[in-house]
Amino acid sequence: LVWPSDADDAALVGTLLPTSGELGGPGLGVERAVGLAAADINKAVTEGAGGRHIAVLYCDTRGEPDRAVLAAQHLVDVGARVAIGPLNDDAAVAVGEEVATPGAYTQGGLVTVSPGAGVPSLTDLPDDNRVWRTISPLAAQAHGIAEVLQDPAVAGFKAPSNIVVAYELSTYGVAYKDALGTVLEGSVGYFLIPFPAAPGTGEDWSAQMEAAVESLVDAAPDLVVVLGNPSAVQLVHYVDGLYQQQGWPPPSWLVSDRLRVDALFDPADPTMHLEDTLSRLVGTASGVDSQAAFDAFDAAYRAKYGYRHVP
């Protein structure tokens with residue numbers, strides 16, 4: 001809990017973000033952004049701008065829906081009425097259904113603002129305008145992937161003869177796959193190959209990932225689309241490494257926004273022939289409405305934490 005030192009009547013705001021686990025990196029970045037925003041607001045209130053100071057109660061969901069629900073219930077119990085998060089789709093939907101919607105946990109519900117959940121089911125909740133998101137829904141994000149598949153030249157790709165869409169068996173991956181199919185409406189042909197979601201350990205997970213890699217290699221694609229959470233970088237590692245070990249012409253890669261993670265971009269990563277792979281990889285990401293506002297935030301983040309908030 002971070003409470004402003006010069007205010008006894010601060011409004012309590014919570015976070016429902018994963019600062020550990022698979023999404024811990026992006027979650028920590030968002031949590032720190034919330035802290036920066038709260039500091040700016042409190043400074044303005046102290047200087048006479050009006051309104052109330054803000055206190056922030058930080059909760060680590062680990063990206064787990066059950067943990068996110070318990071954290072959201074705790075926020076309501078201690079007096080918070082607004083929460084930033086959850087970040088991931090499963091947790092956002094669970095909190096929306098079990099806490100945010102009026103009458104589900106309390107009559108007033110909880111206003112939640114997700115910075116990352118894009119699944120359509122979030123829109124369909126009977127939440128009385130309590131559940132919001134700041135990222136485009138997957139139906140909109142899919143247009144970025146579709147544009148490249150319909151005109152590969154926009155991403156610097158040669159026209160592919162064989163496309164594979166590898167999608168993670170998660171709420172996010174399956175919903176993204178469905179959204180992409182709707183946008184393309186049969187205009188581009190491709191093979192669908194599912195691969196397992198995190199956690200990335202255990203015999204069952206290994207067997208499922210090996211089967212996915214084998215199916216992908218057998219399909220012999222020259223362009224692979226990967227729709228998944230950060231752990232999906234392991235699929236890129238396995239497949240591209242195998243192609244290079246065998247001396248086969250490696251595929252190009254088109255990846256969704258959530259693969260924009262340090263593991264994919266770190267030149268020190270010994271498990272990946274990074275330089276060659278990145279020369280054939282293009283990612284998609286949501287844009288910003290105001291470049292000036294983003295630049296100001298980016299500068300403030302780097303000044304406080306010493307590095308950029310995204311890779």
Side-chain angles (χ1 to χ4, degrees), residues 23 26 86-93 96 113-125 127 131-198 212 215-216 219-233 235-236 239-240 251-261 264 278 280-289 294 310:
L23 294 170
L87 180 65
N88 54 310
D89 304 277
D90 291 340
V93 172
V113 184
S114 172
V119 291
S121 55
L122 208 63
T123 302
D124 300 331
L125 290 174
D127 56 85
V131 179
W132 298 83
R133 57 180 159 212
T134 59
I135 193 170
S136 301
L138 293 181
Q141 295 183 43
H143 281 275
I145 298 285
E147 181 181 353
V148 176
L149 294 182
Q150 292 168 333
D151 183 10
V154 302
F157 292 151
K158 296 179 180 178
S161 59
N162 195 13
I163 300 171
V164 162
V165 174
Y167 66 97
E168 184 180 76
L169 291 171
S170 64
T171 300
Y172 171 78
V174 173
Y176 209 141
K177 178 261 297 182
D178 292 343
L180 180 61
T182 299
V183 172
L184 287 173
E185 294 183 329
S187 62
V188 175
Y190 53 86
F191 294 100
L192 285 170
I193 294 178
F195 63 91
S215 296
L216 206 156
D222 44 11
L223 175 60
V224 181
V225 179
V226 183
L227 309 176
N229 284 294
S231 64
V233 299
L235 184 73
V236 179
V239 174
D240 215 69
S252 297
W253 297 91
L254 177 60
V255 302
S256 59
D257 179 46
R258 291 193 185 173
L259 271 76
R260 184 178 51 179
V261 292
L264 193 59
L278 287 184
R280 294 176 277 102
L281 185 145
V282 171
T284 59
S286 300
V288 295
D289 290 332
F294 176 83
V310 294

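One is the number of the first residue; the rest follow in order along the sequence.
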Any side-chain heavy atom of Val226 sitting closer than 4.5 Å to one from Phe195?
-> yes
Tell me, do Val282 and Trp253 make a side-chain contact under 4.5 Å, heavy atoms counted?
-> no
Partners meeting side chain to side chain donor-acceptor pair (under 3.5 Å) with Asp127 (sequence neighbours left out) | none
With sequence neighbours excluded, tell me which residues meet ring-ring contact (aromatic ring centres under 6.0 Å, His included) with Tyr176.
-> Tyr172
Residues which pass side chain to side chain donor-acceptor pair (under 3.5 Å) with Ser252, listed by chain and number, not counting sequence neighbours | none
Identified side-chain contact (heavy atoms from CB on, under 4.5 Å) counterpart of Val119 within the set Asn88, Asp178, Asp90, Leu138 | Leu138
Identify the heavy atoms of Ala146 and Leu184 that sit nearest to each other, and give their distance.
-> CB-CD2, 3.6 Å
Taking all atoms of both residues into account, what is the closest heavy-atom pair of Ala175 and Pro120, and its distance?
-> CB-CD, 4.2 Å
Is any side-chain heavy atom of Thr134 closer than 4.5 Å to a side-chain heavy atom of Val113?
-> yes
Any side-chain heavy-atom pair from Arg280 and Asp240 closer than 4.5 angstrom?
-> yes
Sequence neighbours left out, what pairs pass side-chain hydrogen bond (donor to acceptor under 3.5 Å, both in side chains) with at least one residue falling in residues 182-192?
-> Gln150-Ser187
Under a 4.5 Å cut-off applied to non-hydrogen side-chain atoms, are Ile193 and Ser215 in contact?
-> yes
Partner set under side chain to side chain donor-acceptor pair (under 3.5 Å) for Ser121, not counting sequence neighbours = none
Can a donor-acceptor pair be found between the side chains of Asp89 and Thr171 at a distance below 3.5 Å?
-> no
Short question: side chain of Gln141, backbone of Gly118 - any donor-acceptor pair under 3.5 Å?
-> no
Which of these passes side-chain contact (heavy atoms from CB on, under 4.5 Å) with Leu254: Leu281, Val224, Ile145?
-> Ile145
Under a 4.5 Å cut-off applied to non-hydrogen side-chain atoms, are Leu223 and Pro152 in contact?
-> no
Please output the side-chain donor-acceptor pairs of residues 162-169 that fall under 3.5 Å, not counting sequence neighbours, one pair per line with the distance.
unit_1, atom_1, unit_2, atom_2, d
Asn162, ND2, Ala219, O, 2.4
Asn162, ND2, Ala220, O, 3.2
Glu168, OE1, Ser170, OG, 2.7
Glu168, OE1, Asn229, N, 3.4
Glu168, OE1, Asn229, ND2, 2.7
Glu168, OE2, Asn229, N, 3.4

